[in-house]
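Here the structure is laid out as structure tokens; the discussion comes afterwards.
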Amino acid sequence: MILVTGATGNFGGAVIDFLQAEKKDLGIAALLRDKSKGPELRSRNIDIRQGDYNDPHSLLKAFQGVRKLLLVSGNDVQNREQQHRNVIDAAKKARVNHIVYTSFMRKTNNQNNPLGIVGISHINTEKYLKESGIDYTILQNALYFEALPGFLGEEVFEKGIYLPAGQGKVACVLREEMAAAAASVLAHEGHANREYIIANTRNYSMHDVAKQLSHISGKNVEYTPAEPAEFINVLSMEGLPEENIKGIMAFCDAISKGEFETNTTDIEKLLGREPTSLAGFITITFGPEKGRQGEQGF
Ligand code: NAP
């Protein structure tokens, strides 16, 4: 039995879709904290298990008979390190053989990570998982392409890109392709005690993003690197809450420092093809036949 956590979310939901598409008799279970969200999954023969990352007892019960488990990192950033420990501890007690964890890519592998608690909670979870004695696979996911529009702002075609991201580059990937890579790790053997960087095979600067936006719109979209202090002033004047400003600044700082730049090709091996490019994402999101909207958030 393979259990997927975060099954009601974008990532976990897509992983379940890909696992079912494998057409193997894998035996798939989904962890839901709110069982009322389960009927659609149940109608597809997914075994529904109730459990909350904050409730160790519920997790132990939910993990009975599970062989492999996908731990989708929580979105309660302040508390998720303890939540992840709860999941790992319960999995150990329930004799789960293998945990696959959705972590985050980075260059700074210590407490000085520019993302602060976002990065440190991943670093500490990886360490805890490795020390648990359970087989692990760590997926150091890149920034979702879907997170980009939140940085660009709604008036990007009129005002251009204004961000304190310097000349940094990012190797973004479509969330769905990261989910496909995770499903491949879950459905096949040979990934125990491995770490993969799930990033694009190409790195993109904000100038590259501006170029693609110009191409799709026929407008002249330019990138102007912002001075951090000036940028904070602009966002404050616009009335953005301090917490949000801190979040955007941390991500831009990380981009400018090259935290999301890499030359690995792990994703190609897991997908069996190249991931979608920046041009592909811009077409999907902003082109005349856009199939998906970009979204806010990290
Ligand atoms: P999402 O749609 O917000 O899904 C989060 C999932 O986690 C939901 O199913 C949610 O369940 C579940 N969850 C949250 N707290 C829980 C708890 N205490 N106990 C049990 N389940 C809990 O996020 P996503 O887009 O799928 O992304 C997955 C994760 O990737 C996020 O949680 C975050 O850590 C990380 N992330 C990465 C990037 C990136 O760029 N790489 C961007 C955004 C997020 P409910 O339905 O009950 O709420």
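Whatever order the structure lists them in is the order used to number ligands and atoms, beginning at 1. Just so you know, these numbers use all the heavy atoms, side chains as well, and skip hydrogens, waters and symmetry mates.
With ligand atoms numbered from 1 in the order given, ligand 1 contributes 2 (O), 4 (O), 8 (C), 9 (O), 26 (O) to contacts under 4.0 Å with heavy atoms of G9. Near Q83, the atoms of ligand 1 lying under 4.0 angstrom from a non-hydrogen atom of the residue are 18 (N). Heavy-atom proximity to N54, at under 4.0 Å, picks out these atoms of ligand 1: 18 (N). Atoms of ligand 1 lying under 4.0 Å from at least one heavy atom of N75, given by number and element, are 3 (O), 5 (C), 14 (C), 15 (N), 32 (O). Within the listing of ligand 1, atoms 17 (C), 18 (N), 19 (N) sit less than 4.0 angstrom from a heavy atom of D52. In the vicinity of R175, heavy-atom distances shorter than 4.0 Å reach the ligand 1 atoms 25 (O).
For V72, every heavy-atom contact with ligand 1 shorter than 4.0 Å involves the side chain, none the backbone. For M178, no heavy-atom contact with ligand 1 is shorter than 4.0 Å.
Partners of K159 by side chain to side chain contact (heavy atoms under 4.5 Å, CB included), not counting sequence neighbours, listed by chain and number: E155. Partners of A165 under the side chain to side chain contact (heavy atoms under 4.5 Å, CB included) rule, at least two apart in sequence or in another chain, are L163, M206, Y223, I255.
Judged by distance alone, the side chain of S121 and the main-chain N or O of V118 form a donor-acceptor pair under 3.5 Å. A distance-only check finds no donor-acceptor pair linking the side chain of Q212 to the backbone of L278 [under 3.5 Å]. Side chain of N203 to main chain of T262: a donor-acceptor pair is present (N/O by atom type, distance under 3.5 Å, no hydrogens or angles).
In this structure, of Y53, F104, Y144, the residue bringing a heavy atom nearest to atom 27 (O) of ligand 1 is Y144. Taking each of G12, S121, S73, G6 in turn, the one with a heavy atom nearest to atom 32 (O) of ligand 1 proves to be S73. For atom 13 (N) of ligand 1, the candidate residues are H84, M105, Q140, R33; the nearest heavy-atom contact is made by R33.
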- Item | From CA spacing to verdict: side chain to side chain contact (heavy atoms under 4.5 Å, CB included), R202, E274 | CA-CA 10 Å; R202 293 148 290 198; E274 273 195 20; 3.3 Å; yes

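Note on D253 versus K257: salt bridge recorded, some NZ/NE/NH1/NH2 to OD/OE distance being below 4.0 Å. E195 and R106 are not joined by a salt bridge, as no carboxylate oxygen comes within less than 4.0 angstrom of a charged side-chain nitrogen.
Using bins of under 30°, 30° to 60° and over 60° for the plane-to-plane angle, the ring pair H122/Y101 lands in the tilted bin.
A donor-acceptor contact closer than 3.5 angstrom is absent between the side chains of S236 and N233.
Residue-ligand proximity: R80 is placed with a non-hydrogen atom under 4.0 Å from ligand 1. The shell of residues lying under 4.0 angstrom from ligand 1, judged by heavy atoms, excludes D34. The shortest heavy-atom distance from A142 to ligand 1 is under 4.0 Å. Distances shorter than 4.0 angstrom do not occur between any heavy atom of A147 and any atom of ligand 1.
Not a single N or O atom of L143, backbone or side chain, sits closer than 3.5 Å to an N or O atom of ligand 1.
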